[in-house]
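All remarks here apply to the structure that follows.
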Amino acid sequence: MPIDPTLPYDAGNIFAKILRGEIPSNAVYEDDYAFAFEDINPQAEVHTLVIPKGAYVSWDDFSAKAGDAEIAGFVRAIGEVARAKGLVEPGYRLMANIGAHGYQEVPHLHVHIFGGQPLGPMICKR
Ligand code: 5GP
């Protein structure tokens, strides 16, 4: 079920547990601002999730409330992960789902990195 991105941050969400090391993940990158790990149910040859270390429900919450250093650190981490995975030359796709129409399921901001194959149209046609 999609989450309501206007609700307060829930520290019990699954990605918060992954960040705290309470649930295992296949980590690929970590720095002061971000953590990246492989999606448990990959939708492409490469499907990696990058999350900020701060407690932000969604892109909306993050873009409104995060500090400049957090925003810069998170954006740079996404680029770093994509470069480390060799995705720049073949190309890749970033996606952040927000709320019901975006079908966001986990209420901790995450950017999906998809790659490793041609990715087709940007969104499904209705
Ligand atoms: P959303 O639909 O919120 O944009 O994406 C949530 C993503 O988190 C999905 O692609 C889903 O497969 C992934 N996911 C959900 N639970 C877990 C988990 O416990 N571990 C990992 N690695 N990925 C998860």
Side-chain angles (χ1 to χ4, degrees):
M1 279 292 290
I3 61 103
D4 178 349
T6 66
L7 290 177
Y9 185 80
D10 169 13
N13 79 75
I14 196 97
F15 290 174
K17 291 178 180 173
I18 285 174
L19 262 182
R20 292 194 297 265
E22 295 166 9
I23 288 179
S25 67
N26 190 352
V28 297
Y29 180 85
E30 181 169 13
D31 64 22
D32 287 349
Y33 298 105
F35 183 71
F37 53 102
E38 304 298 4
D39 196 289
I40 203 166
N41 183 24
Q43 304 296 309
E45 285 295 321
V46 174
H47 186 175
T48 304
L49 300 170
V50 190
I51 65 176
K53 286 197 166 172
Y56 299 100
V57 174
S58 70
W59 184 266
D60 178 69
D61 192 21
F62 184 72
S63 61
K65 297 181 190 151
D68 290 353
E70 287 179 289
I71 292 173
F74 183 56
V75 170
R76 288 198 189 282
I78 295 166
E80 186 64 33
V81 172
R83 282 189 292 279
K85 285 183 167 283
L87 298 177
V88 176
E89 187 273 325
Y92 61 101
R93 179 172 294 158
L94 302 178
M95 186 173 80
N97 294 320
I98 298 130
H101 282 189
Y103 225 86
Q104 179 184 2
E105 293 182 304
V106 179
H108 182 115
L109 169 61
H110 46 286
V111 168
H112 299 254
I113 301 177
F114 296 109
Q117 62 178 81
L119 293 164
M122 196 157 47
I123 56 172
C124 334
K125 303 279 183 249
R126 283 199 283 172

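Read the numbers this way: they start at 1 and go in the same order the structure lists the ligands and their atoms.
- With contacts defined as side-chain heavy-atom distances shorter than 4.5 Å, the pair Val50/Ile113 qualifies.
- Ligand 1 has Glu38 within reach: a non-hydrogen atom of the residue lies less than 4.0 Å from it.
- The nearest protein atom to atom 24 (C) of ligand 1, hydrogens excluded, is given as Ile40 CG2, 3.4 Å; this is a heavy-atom distance.
- Residue, atom and distance of the protein heavy atom nearest to atom 8 (O) of ligand 1 are Phe15 CZ, 3.3 Å.
- Near Asn41, the atoms of ligand 1 lying under 4.0 angstrom from a non-hydrogen atom of the residue are 12 (O).
- For atom 9 (C) of ligand 1, the nearest non-hydrogen atom of the protein is Asp39 OD2, 3.3 Å.
- At a heavy-atom distance under 4.0 Å, only side-chain atoms of Ile14, from C-beta outward, approach ligand 1.
- Those atoms of ligand 1 with a heavy atom of Asn97 less than 4.0 angstrom away are 1 (P), 2 (O), 4 (O).
- Of all the heavy atoms of Phe37, the ones lying under 4.0 Å from any atom of ligand 1 belong exclusively to the side chain.
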Query - Criterion side-chain contact (heavy atoms from CB on, under 4.5 Å) on Tyr29 and Thr48, from CA distance to verdict - result: CA-CA 10 Å; Tyr29 180 85; Thr48 304; over 6 Å; no
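- When side chains are defined from C-beta on, Glu30 counts as touching Lys53, because their heavy atoms get closer than 4.5 Å.
- With a 4.0 Å heavy-atom cut-off, ligand 1 is reached by no atom of Asn26.
- Under the 4.0 angstrom criterion for non-hydrogen atoms, Ile3 is not in contact with ligand 1.
- Nearest heavy atoms, Leu19 versus Pro52: CD1-O, 3.8 Å.
- Listed by number with element, the atoms of ligand 1 under 4.0 angstrom from any heavy atom of Gln104 are 3 (O).
- Distances below 4.0 Å separate heavy atoms of Val106 from the following atoms of ligand 1: 3 (O), 6 (C).
- Residues Ile51 and Val106 form no side-chain contact, since every pair of their non-hydrogen atoms from C-beta on lies 4.5 Å or further apart.
- Counting heavy atoms from C-beta on, the side chains of Ser25 and Ile18 come closer than 4.5 Å.
- Residue contacts with ligand 1: Ile23 is excluded, as none of its non-hydrogen atoms falls under 4.0 Å.
- When ring centroids are compared, His110 and His108 stay outside the 6.0 Å threshold.
- Note on ligand 1: Met95 sits outside its first shell, no heavy atom being nearer than 4.0 Å.
- Taking the side chain as every heavy atom from C-beta outward, Lys85 and Tyr92 never approach each other to under 4.5 Å.
- A distance of 10.5 Å separates NE2 in His112 from CG in Leu94, rounded to the nearest 0.5 Å.
- Between Leu7 and Val57, every side-chain heavy-atom pair lies at or beyond the 4.5 Å cut-off.
- Atom 6 (C) of ligand 1 has as its closest protein heavy atom His110 NE2, 3.5 Å.
- Close contacts between ligand 1 and Tyr103 involve ligand atoms 2 (O) [criterion: under 4.0 Å to a heavy atom].
- Ring-centre distance between Phe15 and Phe35: not below the 6.0 Å cut-off.
- Applying the 4.0 Å criterion to heavy atoms of Ile18 picks out, from ligand 1, the atoms 20 (N).
- Set against the non-hydrogen atoms of His112, the atoms of ligand 1 under 4.0 Å away are 1 (P), 4 (O), 5 (O), 7 (C), 10 (O).
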